[in-house]
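Working notes, structure below.
Owing to the predicted nature of the structure, the values given are computational and were not obtained by experimental measurement. Every chain is numbered from 1, with letters handed out A, B, ... down the list of sequences.
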Amino acid sequence: MKTYTDYLYFTTKQEREIVNITHEIEQAVKRSGVKEGLVLVNSMHITSSVFINDEESGLKQDFLKWLEKIAPARLDYKHHQTGETNADAHLKRTIMGREVVVAITKGALDFGPWEQIFYGEFDGRRKKRVLVKVIGE
Amino acid sequence: MKTYTDYLYFTTKQEREIVNITHEIEQAVKRSGVKEGLVLVNSMHITSSVFINDEESGLKQDFLKWLEKIAPARLDYKHHQTGETNADAHLKRTIMGREVVVAITKGALDFGPWEQIFYGEFDGRRKKRVLVKVIGE
Amino acid sequence: MKTYTDYLYFTTKQEREIVNITHEIEQAVKRSGVKEGLVLVNSMHITSSVFINDEESGLKQDFLKWLEKIAPARLDYKHHQTGETNADAHLKRTIMGREVVVAITKGALDFGPWEQIFYGEFDGRRKKRVLVKVIGE
């Protein structure tokens with residue numbers, strides 16, 4: 001049995017941004033040497049996400065607009081009594097999800113035709129981390 | 001250590017449909033021979049879901065009605081400028097989730113009394129795939 | 001390869017409650033003896049969640065208020081024709097998620113600075129279970 005751990009670092013230019021990280025995860029899986037197993041990819045922060053969807057720029061805009069509608073930036077969250085201003089980012093990340101688990105088959109991500117992995121940042125412009133953990137043989 | 005990979009195929013009759021796949025996953029786990037481990041079950045498409053909830057027909061209708069309310073089918077998504085018409089299906093699938101990871105204990109799905117696995121289709125009437133990956137011993 | 005299975009039991013005082021279970025999961029990981037691997041933590045019920053976010057009391061109130069807005073308790077769900085009254089709890093749990101998968105590195109949860117694991121109860125005041133499954137070496 002093999003395990004492999006890696007960390008990716010992101011500092012987005014925008015407060016909210018969706019970044020395609022599929023290539024970075026493919027490279028980590030190659031480095032792991034695992035041919036059959038699972039890879040966990042998760043945000044290590046609670047105001048950003050890792051999720052799987054389609055690489056299409058209009059859809060990314062739709063996601064951000066939709067998130068603003070169902071989890072709006074507002075002043076009156078209780079969390080803001082601590083001095084924070086990012087409660088909406090905690091909610092947005094909850095909708096999009098913290099993590100994905102992807103199968104590794106024959107040494108590669110076992111993906112459907114349109115699956116791509118994204119880092120979703122909702123409180124950006126500062127350094128954040130994503131964890132990659134591979135387990136298998 | 002053992003790993004096992006299988007693919008399930010679905011062509012739903014309805015555009016939006018919730019299909020109980022618990023039995024298919026139980027059979028795949030048996031075929032894997034794994035007694036202790038994990039099984040990942042994920043949609044390989046970005047407009048459908050795999051999730052766990054209750055087998056109750058009214059609740060399935062509630063889910064579909066609720067999803068239409070918070071992620072409605074509309075014409076004005078940016079994604080539709082590509083010619084696609086299914087942006088809402090990408091959002092609905094995000095709410096319901098891409099994947100589940102289930103424990104295998106003593107050779108069976110380690111489930112609570114009401115847990116059942118469902119395939120949630122939001123852009124159906126065409127052939128789609130679900131991945132089953134088992135890892136353990 | 002090692003695997004380890006444990007069950008946690010909760011009977012919340014409130015119908016809706018968010019309980020920090022990070023310490024319990026850390027203890028289970030220690031008992032497992034696994035140094036490198038994955039831990040799955042999932043609710044075994046379909047009206048409660050396991051999720052990762054921030055330990056901050058105001059934010060927990062924000063979560064519960066927000067869930068009530070997007071998945072409100074109402075009388076007219078189809079699920080209630082069975083005699084049940086908790087359809088909203090099924091929806092709330094869907095938003096918050098059934099499970100988390102966390103990396104174990106050097107014998108500990110491989111967490112970012114603010115990550116904490118919570119049990120989210122949406123139909124409480126009765127005994128419920130959470131599953132902890134560890135796999136690794």
Side-chain angles (χ1 to χ4, degrees), chain A residues 1-7 9 32 37-51 66-67 69-72 74-84 86-102 123 127-137, chain C residues 1-3 18 22 34-42 49-71 92-118 120 133-137:
Chain A
M1 185 184 155
K2 286 178 180 174
T3 64
Y4 176 81
T5 310
D6 205 355
Y7 305 92
Y9 295 84
S32 76
L38 299 175
V39 53
L40 166 70
V41 187
N42 69 266
S43 172
M44 300 184 80
H45 300 263
I46 69 262
T47 54
S48 59
S49 288
V50 173
F51 65 95
W66 174 65
L67 288 169
K69 191 180 167 200
I70 61 174
R74 287 188 348 228
L75 295 174
D76 63 346
Y77 290 109
K78 299 258 186 201
H79 184 47
H80 296 173
Q81 294 176 7
T82 64
E84 291 282 358
N86 62 0
D88 68 298
H90 293 265
L91 306 182
K92 288 176 169 94
R93 115 67 175 260
T94 299
I95 292 285
M96 299 307 291
R98 168 190 180 258
E99 77 211 14
V100 297
V101 178
V102 180
D123 186 25
K127 197 177 185 183
K128 299 230 185 150
R129 270 194 305 168
V130 165
L131 170 64
V132 185
K133 190 91 185 186
V134 182
I135 177 172
E137 63 179 7
Chain C
M1 186 186 155
K2 286 178 180 173
T3 65
I18 294 175
T22 312
V34 168
K35 300 300 179 193
E36 296 291 327
L38 299 175
V39 54
L40 166 71
V41 187
N42 69 264
S49 288
V50 172
F51 66 96
I52 287 173
N53 217 290
D54 194 2
E55 176 52 69
E56 200 281 298
S57 61
L59 186 65
K60 289 187 210 172
Q61 294 177 61
D62 291 330
F63 267 120
L64 293 176
K65 188 177 175 184
W66 175 65
L67 288 169
E68 193 56 38
K69 191 179 166 202
I70 61 174
K92 288 177 169 94
R93 114 71 175 257
T94 299
I95 293 285
M96 298 308 290
R98 167 189 180 259
E99 77 211 15
V100 297
V101 178
V102 179
I104 300 167
T105 303
K106 297 178 186 169
L109 299 176
D110 197 342
F111 263 172
W114 306 105
E115 287 188 283
Q116 297 276 306
I117 309 177
F118 295 94
K133 189 91 186 186
V134 183
I135 176 173
E137 62 180 7

I want to check something: taking the side chain as every heavy atom from C-beta on, are C:K69 and A:I70 in contact at a cut-off of under 4.5 Å? no

Heavy-atom proximity to chain C below 4.5 Å, by part of A:L91: both

Could you look at C:F111 and say if it's the side chain, the backbone, both or neither that has a heavy atom under 4.5 Å from chain A? both

Contact between C:Q116 and A:I46 at the side-chain level, heavy atoms closer than 4.5 Å - yes or no? no

Which portion of A:Q81 sits near chain C, non-hydrogen atoms under 4.5 angstrom: neither

Side chain from CB out, backbone as N, CA, C, O: work out which of these in C:I52 comes under 4.5 Å of a heavy atom of chain A, or both, or neither. both

Side chain / backbone / both / neither for A:T47 at chain C, heavy atoms under 4.5 Å: neither

Answer with side chain, backbone, both or neither: which region of C:W66 has an atom nearer than 4.5 Å to a non-hydrogen atom of chain A? side chain

Looking at A:K78 and C:E56, does any basic side-chain N land under 4.0 Å from a carboxylate oxygen? no

For C:D62, what residues pass the side-chain hydrogen bond (donor to acceptor under 3.5 Å, both in side chains) criterion, not counting sequence neighbours? none

Answer with side chain, backbone, both or neither: which region of C:L67 has an atom nearer than 4.5 Å to a non-hydrogen atom of chain A? neither

Under 4.5 Å from any heavy atom of chain C, what part of A:T94 do you find: side chain, backbone, both or neither? both

Applying salt bridge (charged side-chain N to carboxylate O under 4.0 Å, His left out) to A:R98 and not counting sequence neighbours gives C:E115

